[in-house]
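Encoded as structure tokens, the structure appears first; notes follow it.
Heavy atoms only: backbone and side chains are in, while hydrogens, waters and symmetry mates are out. All chains are named by letter (A, B, ...) in the order of the sequence lines, taking the proteins before the strands, and each is independently numbered beginning at 1. Values in this document were obtained by computation on a predicted structure and should not be read as measured data.
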2 protein chains.
Amino acid sequence: MRNRSPERSPADGPLSVRDRHAAIHHQIRQRICLLSYPPGTRLSETSLASEFGTSRTPVRRVLARLEDEGLVQSVHGVGTIVTDADIGALEQVYHLRVELTGLMGRLDPVVPDVAFVERFERLVTRGREIIDTGTPHEFTRFDMDVFQTLLQLTANIPLRAVLERLYYQTKRIWLQAAIEAHLDLKEEFRIFHHELEALLQALRSNDIEAAAHIQRAHISMSFKRLQQNS
Amino acid sequence: MRNRSPERSPADGPLSVRDRHAAIHHQIRQRICLLSYPPGTRLSETSLASEFGTSRTPVRRVLARLEDEGLVQSVHGVGTIVTDADIGALEQVYHLRVELTGLMGRLDPVVPDVAFVERFERLVTRGREIIDTGTPHEFTRFDMDVFQTLLQLTANIPLRAVLERLYYQTKRIWLQAAIEAHLDLKEEFRIFHHELEALLQALRSNDIEAAAHIQRAHISMSFKRLQQNS
DNA sequence: GTGTGACCAGTTGTACACATCTTTGCATGC
DNA sequence: GCATGCAAAGATGTGTACAACTGGTCACAC
């Protein structure tokens with residue numbers, strides 16, 4: 001059997017259908033979660049289509065998926081609106097995320113190899129630089145990179161999928177609420193960086209369960225701080 | 001504020017867009033999970049469209065959602081194929097389901113009221129009748145009803161959504177594998193019915209955590225029996 | 001000034017024609 | 001008899017025109 005995509009180079013011109021879909025999905029999700037499209041924004045299928053150089057049809061499929069993921073909601077005759085969330089709904093998702101993150105250490109944990117630890121060390125270094133100069137936008141983007149990396153500590157595919165779904169549901173709401181509550185974002189950076197150093201220690205000891213519990217505690221405390229200030 | 005769907009009676013003619021979508025989605029998902037469309041079946045958008053009295057467009061949206069849920073996979077030029085799963089992938093989903101089911105007792109548990117207990121009692125009675133006369137089809141349908149009912153024991157909406165997703169991913173594969181492994185389905189009925197009676201006891205005592213642990217143990221043992229016979 | 005009703009611009013939902021791709025079966029050369 | 005190529009059928013993906021619907025604006029009666 002040959003490759004499913006014949007004569008495909010890594011940096012080739014015509015992407016497959018799935019790749020095009022994934023690219024548009026990733027782009028729009030990033031904009032929503034980085035608050036380029038804050039909650040309440042009305043997205044236009046037509047303008048998105050012209051921006052991505054395609055027709056409305058593929059854009060509509062992406063928006064339908066984002067609707068299933070809870071990030072937007074389409075209303076006939078009105079538009080496709082970026083969803084908002086009250087603190088109550090956010091709390092439910094956070095509680096679930098806390099428990100599922102704790103599960104990462106027990107469900108098919110992956111012992112990190114040298115390359116993984118080095119990659120994580122680079123992340124810690126990059127985080128140290130961001131503490132002083134970082135904008136909320138850069139901080140969130142950094143947080144996403146860390147999350148995607150740590151996701152590889154479990155080989156349980158469905159668990160990964162669920163965690164990713166819940167992460168993108170909460171991150172943007174947290175960011176917006178943190179800004180509105182005048183949370184000290186620089187202080188949040190610092191706390192996050194401490195967590196990363198603790199995680200690095202755990203990873204060097206190949207202790208996935210400890211790493212999972214550190215993340216779990218971080219998520220829980222992060223939400224508690226938000227609740228206290230709002 | 002008035003109803004989102006003005007002048008809507010329970011049995012009214014013109015359904016809203018969301019309802020039509022939900023109806024088609026439910027129908028096709030039922031057929032997949034009841035093995036009317038066994039794994040490998042090629043679904044045709046055109047014939048589904050004519051059956052539901054619509055065009056391909058709404059059907060395509062439903063199939064896209066089912067693809068995101070992992071139940072089908074669309075391949076350009078070939079068709080939309082009902083997915084299969086090997087025992088390894090199934091094991092990962094089962095492990096996750098076991099843990100999440102255990103969480104139901106701790107994340108926003110709902111104390112069952114009298115109406116709920118009565119509804120469950122009727123389910124137990126219905127189950128007793130099915131033990132002798134039931135076909136695999138009826139058994140699975142009954143299992144779905146029980147699952148949907150027990151889902152209401154937690155008020156955590158995201159947890160419900162995740163559990164439902166994982167349930168429909170595994171149920172049909174379990175059923176197919178159970179038939180192929182020549183598992184004694186009548187014996188499985190009986191064990192399931194014992195579980196229901198134990199659950200009824202727990203519900204009467206308002207002990208949601210016990211109910212969650214009973215379900216958890218049931219799911220775990222059910223999969224173990226399957227593994228031993230395959 | 002105010003309430004009311006009709007129109008209009010803009011949006012999502014649907015239907016359909018066409019493009020692109022895969023499979024399959026058959027004809028043809030050897 | 002067999003391999004090979006080609007064409008045709010049928011599937012999903014895409015583009016586009018139109019239907020259905022909403023929110024706002026503006027003219028007009030009172």
Side-chain angles (χ1 to χ4, degrees), chain A residues 1-8 12-25 28 32 37 40-83, chain B residues 1-8 12-25 27-28 32 37 39-83:
Chain A
M1 191 183 294
R2 301 174 55 188
N3 274 346
R4 66 195 71 177
S5 305
E7 59 238 19
R8 162 73 43 79
D12 211 286
L15 288 120
S16 81
V17 174
R18 286 185 77 90
D19 293 337
R20 286 179 64 88
H21 172 78
I24 299 178
H25 173 76
I28 300 182
I32 292 175
Y37 297 152
T41 306
R42 279 195 351 199
L43 307 180
S44 166
E45 297 178 353
T46 310
S47 46
L48 284 174
S50 66
E51 176 190 344
F52 288 106
T54 177
S55 78
R56 278 178 56 209
T57 309
V59 174
R60 276 181 65 74
R61 180 178 165 154
V62 170
L63 290 180
R65 180 172 166 193
L66 289 171
E67 184 167 14
D68 291 338
E69 292 171 347
L71 297 185
V72 303
Q73 186 176 12
S74 292
V75 183
H76 191 179
V78 179
T80 300
I81 294 146
V82 178
T83 53
Chain B
M1 189 183 295
R2 302 174 53 189
N3 273 346
R4 67 194 71 176
S5 306
E7 62 239 17
R8 162 71 44 79
D12 212 284
L15 288 119
S16 82
V17 175
R18 287 185 76 89
D19 292 337
R20 284 179 65 88
H21 172 78
I24 299 178
H25 173 75
Q27 267 291 328
I28 300 182
I32 292 176
Y37 296 151
T41 306
R42 280 195 348 201
L43 307 180
S44 166
E45 298 177 353
T46 309
S47 45
L48 284 174
S50 66
E51 177 189 344
F52 288 106
T54 177
S55 79
R56 277 178 57 210
T57 309
V59 173
R60 277 182 63 75
R61 178 176 168 158
V62 170
L63 291 179
R65 178 172 168 195
L66 289 171
E67 184 168 14
D68 292 337
E69 293 172 347
L71 297 185
V72 303
Q73 185 176 12
S74 291
V75 183
H76 190 180
V78 178
T80 300
I81 294 146
V82 178
T83 54

Ignoring hydrogens, what is the shortest heavy-atom contact between [X] and [Y]? Give both atom names and the distance.
| X | Y | value |
| --- | --- | --- |
| B:G53 | B:R20 | O-NH2, 4.5 Å |
| B:V59 | B:E45 | CG1-O, 4.2 Å |
| B:R42 | B:I81 | CG-CG1, 3.7 Å |

Would a distance-only check, ignoring hydrogens and angles, find a side-chain to backbone donor-acceptor pair under 3.5 Å from B:T41 to B:V82? no
Does any non-hydrogen side-chain atom of B:V62 lie less than 4.5 Å from one of B:F52? no
Expressed in angstrom and rounded to an integer, what is the separation of [X] atom [atom1] from [N] atom [atom2]?
| X | N | atom1 | atom2 | answer |
| --- | --- | --- | --- | --- |
| A:R56 | C:dT11 | CZ | P | 10 Å |
| B:L63 | C:dT14 | CG | P | 14 Å |
| B:D19 | C:dG13 | CG | P | 14 Å |
| B:E45 | C:dC16 | CD | P | 15 Å |
| A:I24 | D:dG13 | CD1 | P | 14 Å |
| B:H21 | C:dT12 | NE2 | C1' | 15 Å |
| B:R61 | D:dG13 | CZ | C1' | 18 Å |
| A:Q73 | C:dT12 | CD | P | 13 Å |

Has the side chain of B:R18 got a donor or acceptor atom sitting under 3.5 Å from an opposite partner on the base of C:dG13? no
On a plain distance test, is the side chain of B:T57 in donor-acceptor contact with the base of C:dA15 below 3.5 Å? yes
So, OP1 or OP2 of D:dG15: does either fall under 4.0 Å of a side-chain N or O from A:T54? yes
Within less than 4.0 Å of OP1 or OP2 of C:dT12, is there a side-chain N or O belonging to A:R60? no
Regarding B:R42, tell me which of base, sugar-phosphate or nothing describes its non-hydrogen contacts under 4.0 Å with the strands shown. nothing
Mind checking B:L43 for me? I need base, sugar-phosphate or nothing, with any heavy atom below 4.0 Å counting as a touch. sugar-phosphate
Which residue lies more 5' along DNA chain C, comparing A:S74 with B:H76 via nearest heavy atoms: A:S74
Picking from C:dT14, D:dG15, D:dT22, the nucleotide nearest the side-chain atoms of A:P58 would be D:dG15
I want to confirm an ordering. Mapping A:S55 and A:V75 to their closest nucleotides on DNA chain D, which one lands closer to the 5' end? A:S55
